[in-house]
Amino acid sequence: ADADTPPVGAPTALVPHVKLADYMGANVASAVASLPVLGVTPPLEVGSGVWLVRVVERRDGVVPPFEAVRAEVLADYRREQDDLALHAWLARRRIETRVALREPLP
């Protein structure tokens, strides 16, 4: 009640643990991970302020059957292989390519 600014409103949707770490930092995500529903963190120093975070709802994640995500997994795998091939090609080009600098013409 004595805070300088009003509390930050909670997201209107569930936030996955990974995204919580992206949005609020690893400290907050770690503190929230062990809290029960309606639990409140101890004061957490975040940036130049102090936060109290309360868990209002928690749902366990669902692992979809492989067949439901097969195309996405395959696309991610192919993209990763393409990235690795590109990085290897660029590394070879850096080694094999000769660069010579000339003085500019007057």
Side-chain angles (χ1 to χ4, degrees):
D2 295 333
D4 294 333
T5 57
V8 176
T12 57
L14 294 174
V15 179
H17 182 78
V18 172
K19 286 298 174 191
L20 185 64
D22 287 347
Y23 297 150
M24 299 180 144
N27 265 359
V28 173
S30 294
V32 167
S34 61
L35 285 178
V37 173
L38 300 181
V40 178
T41 64
L44 303 170
E45 290 188 32
V46 179
S48 61
V50 177
W51 290 10
L52 296 173
V53 180
R54 181 171 57 123
V55 175
V56 293
E57 182 179 351
R58 173 173 275 128
R59 292 188 198 161
D60 291 333
V62 177
V63 178
F66 178 70
E67 288 306 317
V69 293
R70 180 184 181 94
E72 185 178 345
V73 170
L74 184 57
D76 285 347
Y77 173 77
R78 286 180 176 156
R79 188 173 19 261
E80 182 178 338
Q81 293 304 305
D82 288 346
D83 285 348
L84 291 172
L86 175 61
H87 286 283
W89 183 83
L90 289 172
R92 285 192 311 273
R93 294 292 78 77
R94 285 186 192 102
I95 292 169
E96 297 169 357
T97 303
R98 302 180 113 227
V99 175
L101 299 176
R102 292 187 333 185
E103 292 293 322
L105 296 174

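The figures here come from the full heavy-atom set of this structure, side chains too, leaving out hydrogens, waters and symmetry mates.
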Which heavy atom of [X] sits nearest to which heavy atom of [Y], and what is that distance?
| X | Y | result |
| --- | --- | --- |
| P36 | V55 | O-CB, 3.8 Å |
| V56 | V37 | O-CG1, 3.7 Å |
| L52 | P42 | CD2-C, 3.8 Å |
| L35 | G39 | CD1-O, 3.8 Å |
| H17 | A33 | CE1-CB, 3.7 Å |
| L20 | A29 | CD2-CA, 3.9 Å |

Measure the shortest side-chain to side-chain distance between L14 and E57 over non-hydrogen atoms and say whether it is less than 4.5 angstrom. yes
Side chains of N27 and L44 in contact at under 4.5 Å (non-hydrogen atoms): no
Are Y23 and V32 connected, step by step, through hydrophobic side chains (Ile, Leu, Val, Met, Phe, Trp, Tyr) whose heavy atoms are closer than 4.5 Å? yes
Tell me whether the count of non-hydrogen atoms from other residues, nucleotides or ligands lying under 6.0 Å of CZ in R54 goes above 12. no
Test salt bridge (Lys or Arg N to Asp or Glu O under 4.0 Å) applied to R102 - qualifying residues, sequence neighbours left out: none
Identify every side-chain donor-acceptor pair in residues 68-95 under 3.5 Å, counting partners at least two apart or on other chains, and give the distances.
residue: D76; atom: OD1; partner: R79; partner atom: NH2; Å: 2.5
residue: R93; atom: NH2; partner: E96; partner atom: OE1; Å: 2.3

Would you compute the distance between atom OG of S30 and atom CE of M24 and round it to the nearest 0.5 angstrom? 13.5 Å
